[in-house]
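To find a chain, count down the sequence lines: A is the first, B the second, and so on, and within it residues start at 1.
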Amino acid sequence: MPTSDADASGNLWDPWRPVREQIDQELARRLGAHGYPESAEGLDRQLEDAPSGVADFGYATHRAAKSLGVPPERLSAELATDFPLSGGLVRVTSDGAYVNFHADTSRLIQATLELVIARGAAYGRGPPSTEKVCVEHTSANPNGPFHVGRVRNGIIGDTLARVLRAAGFPVTTEYYVDDLGRQSAMITWIWSKPVDQWPPEVRDGARPPEGVTLSTEKADHWYGRPYRYVSDFLKKNPEAAQQVAELTRELESHQAPPLHREIAEAVLGGMLSSLARVGVHFDSFVWESSLVQDGSVAKVIERFRKSPHAILEENGALALDAQGYGLPKESATIIVTRADGTSLYPTRDVAYHLQKFSRFARVIDVLGQDHQLHARTLDAMLAEIGETRRPEFLIYQDITVPEGGRMSTRKGRAVHLDDLLDEAVERAHGEVLKRREDLSEEQVASIAERVGAGAVRFHVLRVAPDKPVKFRWEEALSFEGRSGPFVQYSYARAGSILRKAGRESPPFPFETRALNLPEETDLVRVVARLPGTIQYVARTGHVHAVATYAYGLAEAFNRFYQAIPVLRAEEPARASRLALVAATRQALGNTLDSLGLERLERM
RNA sequence: GGGCGUGUGGCCUAGUCUGGAUAGGGCAUCGGGUUCCUAACCCGAGGGUCGGGGGUUCGAAUCCCCCCACGCCCGCCA
């Protein structure tokens, strides 16, 4: 049986794989013998999960039967007859047009528990790869605190990175800090004046509450306060807008006042500390200004200038006729530089991507749906300069407010991540106090922080990225049912059993025969699915499937917990159930890691 | 007007990429469960034209076409 690094054969890191492969090969062999062409490419994809209680896997014969010109029922019967049972199968039946495969449960239990216990924290991981992956996510302008809408990017990106790591890739998460351009110029412009010289409408709008100062407030909130008022003000004041434009030019010719970087770093620091509360971290930061300073943006502009599709606009702006790249007609003219020669975001992004391509084999960008066109523009621009590599885009939909429309600080309809987290933690605090009297205030606070953050992160993560999410306080703060705290609670429960048994680390001796109740075998089957889930998400980017899996695992464990006593059981059931609990706890813990939720030993 | 995405019981959601067996869950509602390992749990009940129409197919929530609704984007913002 496998040891800790037993994935060299590509088989032993996933308990379900040997069975699936056995079915696939034999099915392909038999159908091939009938002359069915599709069998050549393997039938694993067509192997589906049978309805629970019927079998483990099913194969629908209709398609092959039609191709072969025989009735599906007959084909099914023929395929099931004398299907070799060596290895992981115990029974193969023909049910109408379906061939149903029943896994050898005791073998599966044996393989799964051994594998989980032996691999520990590495259970769920796939074979290591050397292909370096960059996941760029969040990259929000440092102009104010995160609202809940923007944090979806970070949570999706961070989870994808965690899953890709688990799948075996060396992953770097990267934040592209936009310290150039008009938005960051606006912040510096306003803060470079003493507050009493601010335009009255900005000063009034941005006035902090009584007693709040930079020393009592996070820097992102403090410096971000005037942002939306400045934005409005500039629309009505051309002279001021002119000053901001001038500052934008200075930034791009590396004449940024020291204050500029100072504020950007302070604001970014505040933003990052909020993200850290929900488990989002970055390995690397690239400041946009560095791409200008090292000349790579200028080089890119030069390449566009020489392009046969370059257009010099009347005012001196450089544009690109990108009609050949399948962009919508209305968007097929891409502006490369402004009239004054300064670059635009898409142009700088080209330089950034060339740089990423030089560092990574795979480049993944997590982008909001408003960047859909930007993604296509970027592809077109890369093609235009003869670059053959492309980033992979993971595009997610917005979090909208119940009244409709997406969250927006500028439009004054946004919920700050910090406020949501504070509320979540406060509620979690109350929940902990309700059920634990034995903990110190410090412990309660620590648990509450993790539970609150877990609820928020899971809430964002549970929905498929391409679905819009309507933000509702009550739902985001749910600690019950399909929620982060439910998964964390299940982990704590499993740990509690082991702690009381005095068996918190291997060995966990067990007898497969002792694990034969439906709640036990169902649980093993779910535990065994973790590696497959990791692979699936790494391949598709469907990060919400980790949340779905986590819930399913927690649910199966709680059913087991409810129905079957562990500590009071007789041997050998007791030891065997302890092994099952240990394996479940490990799988739950590893899943929580991939989700970016904290493991809690008690709650 | 064009592009991208979404539409599944009162609310939220899985399944859609790769068509297959009675469409899985959660919240809410109603009814049960704690001398026992944490009730943030478990069990049961009711509740579904899978936005609408057409098509392909032995078979469609899933693929194709049309329509409707909602969100976002559509050259010198990012």
Tell me what [X] touches on the nucleic acid: a base, only sugar-phosphate, or nothing, going by heavy atoms under 4.0 Å.
X         : answer
Arg602(A) : base
Pro565(A) : base
Tyr551(A) : sugar-phosphate
Ala492(A) : base

Quiz item: Starting at CG of Asp232(A) and ending at C1' of C77(B), how long is that distance when rounded to a whole Å?
Solution: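 Answer to the nearest Å: 14 Å.
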
For atom [atom1], what is the distance between [N] and [M], given to the nearest Å?
N      : M      : atom1 : value
C64(B) : C74(B) : C1'   : 27 Å
G19(B) : G59(B) : C1'   : 8 Å
C73(B) : C12(B) : P     : 23 Å

Exercise. May I ask you to evaluate whether Lys467(A) reaches the phosphate of G7(B), defined as a side-chain N or O under 4.0 Å from OP1 or OP2?
Key: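 Checking G7(B) against Lys467(A), a side-chain N or O does come within under 4.0 Å of OP1 or OP2.
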
Quiz item: Using a cut-off of less than 4.0 Å, is there contact between a side-chain N or O of Lys434(A) and OP1 or OP2 of A39(B)?
Solution: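 For A39(B), OP1/OP2 do not have a side-chain N/O of Lys434(A) under 4.0 Å.
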
Exercise. Classify the side chain of Arg568(A) and the base of C36(B) as holding, or not holding, a donor-acceptor pair under 3.5 Å.
Key: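 Yes.
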
Self-check item: base_contact_polar (A21(B) base, Asp49(A) side chain, donor-acceptor, <3.5 Å)
Solution: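 No, no donor-acceptor pair under 3.5 Å.
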
Quiz item: Considering heavy-atom distances to RNA chain B, does Ser139(A) or Val99(A) have its closest nucleotide positioned more toward the 5' end?
Solution: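 Here Val99(A) is the residue nearer the 5' end.
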
Quiz prompt | Given RNA chain B, 5'-ward residue of the pair Lys470(A) and Phe486(A), judged by closest heavy atom | solution =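 The answer here is Lys470(A).
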
Exercise. Mark yes or no for whether Asp365(A), through its side chain, and Glu136(A), through its backbone, hold a donor-acceptor pair below 3.5 Å.
Key: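 No, the answer is negative, given that no donor and acceptor are paired below the 3.5 Å cut-off.
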
Quiz item: Is it true that a side-chain atom of Ser67(A) and a backbone atom of Arg63(A) form a donor plus acceptor pair closer than 3.5 Å?
Solution: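 A pair under 3.5 Å: no.
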
Can you tell me the Watson-Crick or wobble partner of [N], both distances under 3.5 angstrom?
N      : result
U38(B) : none
A45(B) : U29(B)
G5(B)  : C70(B)

Quiz item: Taking atom types as modelled and ignoring hydrogens, do the side chains of Arg348(A) and Tyr352(A) form a donor-acceptor contact shorter than 3.5 angstrom?
Solution: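 Tyr352(A) and Arg348(A) do not have a side-chain donor-acceptor pair below 3.5 Å.
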
Quiz item: Do you see a donor-acceptor pair shorter than 3.5 Å between the side chains of Glu384(A) and Tyr325(A)?
Solution: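 Side chains of Glu384(A) and Tyr325(A): pair found under 3.5 Å.
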
Quiz item: For G7(B), is chi within 90° of 0 (syn) or not (anti)?
Solution: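 G7(B): anti glycosidic orientation.
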
Quiz item: So, His62(A) and G20(B): ring centres less than 5.5 Å apart, planes less than 30° off, yes or no?
Solution: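 Check passed, His62(A) stacks on base of G20(B).
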
Practice problem: List the atom of Glu475(A), the atom of Lys470(A), and the distance in Å for their closest heavy-atom pair. | Solution: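 Scanning both residues completely, I find the closest heavy atoms to be OE1-O, 4.5 Å.
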
